[in-house]
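Notes follow once the structure below has been shown.
All values below come from the heavy atoms of this structure, side chains included, with hydrogens, waters and symmetry mates left out. Owing to the predicted nature of the structure, the values given are computational and were not obtained by experimental measurement.
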Amino acid sequence: MQSRGGHVVWAAISGGALVMVKKSERFNYHQLLIPNFWVFLGSVIVLHALWDKGIALMGSLMITYITLIVVAWLIAFVLINAGLKQVSRIKQG
């Protein structure tokens with residue numbers, strides 16, 4: 001459970017954020033300066049830090065991990081939705 005809610009989804013968020021700012025262009029390091037990229041990368045950093053910190057919500061680390069997993073997947077779904085809209089715009093012209 002924890003692997004799918006930890007590094008796997010964090011990598012998906014980071015990669016999705018990069019693709020979002022890259023669009024259909026070739027990669028350029030200047031794309032890493034786009035604020036949207038840093039919002040998503042920052043969320044990954046915060047989620048990872050909270051995971052590693054081991055703060056027990058309501059006295060349970062499992063509740064903390066489940067909460068962080070749900071938040072991470074919600075962020076991933078936001079990126080998936082943005083990606084689908086981007087593909088639709090590209091198809092339309």
Side-chain angles (χ1 to χ4, degrees):
M1 174 178 90
Q2 292 178 348
S3 65
R4 289 179 292 280
H7 290 102
V8 171
V9 71
W10 298 333
I13 293 169
S14 301
L18 181 59
V19 170
M20 182 181 67
V21 298
K22 185 181 150 310
K23 300 181 182 171
S24 61
E25 302 169 13
R26 290 185 62 136
F27 175 74
N28 182 327
Y29 285 103
H30 294 289
Q31 294 162 336
L32 299 179
L33 301 175
I34 296 173
N36 282 346
F37 174 75
W38 283 100
V39 167
F40 289 105
L41 186 62
S43 70
V44 169
I45 292 167
V46 168
L47 288 169
H48 200 301
L50 291 171
W51 187 283
D52 288 347
K53 187 69 174 165
I55 298 169
L57 294 176
M58 295 183 273
S60 172
L61 276 177
M62 189 56 64
I63 293 173
T64 301
Y65 294 145
I66 290 170
T67 302
L68 292 172
I69 289 168
V70 168
V71 169
W73 277 103
L74 288 173
I75 294 168
F77 288 139
V78 166
L79 278 168
I80 290 168
N81 187 41
L84 291 172
K85 287 180 182 178
Q86 185 175 347
V87 167
S88 178
R89 282 192 302 270
I90 291 170
K91 278 186 173 182
Q92 291 175 358

Side chain Trp38, main chain Leu32, donor-acceptor under 3.5 Å
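Yes; at least one donor-acceptor contact below 3.5 Å.
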
Could you tell me whether a side-chain N or O of Thr64 sits under 3.5 Å from a main-chain N or O of Leu57, the two making a donor and an acceptor?
yes

Spatial distance of atom [atom1] ([X]) from atom [atom2] ([Y]) [nearest 0.5 Å]:
{"X": "Ile13", "Y": "Phe77", "atom1": "CD1", "atom2": "CZ", "answer": "10.5 Å"}
{"X": "Ile34", "Y": "Lys22", "atom1": "CD1", "atom2": "NZ", "answer": "11.5 Å"}
{"X": "Ile75", "Y": "Ile80", "atom1": "CD1", "atom2": "CD1", "answer": "12.0 Å"}
{"X": "Leu79", "Y": "Gln86", "atom1": "CG", "atom2": "CD", "answer": "10.5 Å"}

Same cluster for [X] and [Y] if Ile/Leu/Val/Met/Phe/Trp/Tyr side chains link at under 4.5 Å?
{"X": "Ile63", "Y": "Ile69", "value": "no"}
{"X": "Val19", "Y": "Leu84", "value": "no"}
{"X": "Val8", "Y": "Trp51", "value": "no"}
{"X": "Ile45", "Y": "Leu50", "value": "yes"}
{"X": "Leu33", "Y": "Leu41", "value": "no"}

Minimum heavy-atom separation for [X] to [Y], with atom names?
{"X": "Ala72", "Y": "Val9", "answer": "CB-CG1, 3.5 Å"}
{"X": "Leu61", "Y": "Gly54", "answer": "CD2-O, 3.2 Å"}
{"X": "Val44", "Y": "Ser14", "answer": "CG2-OG, 3.8 Å"}
{"X": "Val21", "Y": "Gln31", "answer": "CG2-O, 3.6 Å"}
{"X": "Phe40", "Y": "Ala17", "answer": "CB-CB, 3.6 Å"}

Taking the ring of His7 and the ring of Trp10, is the distance between their centroids below 6.0 Å?
yes

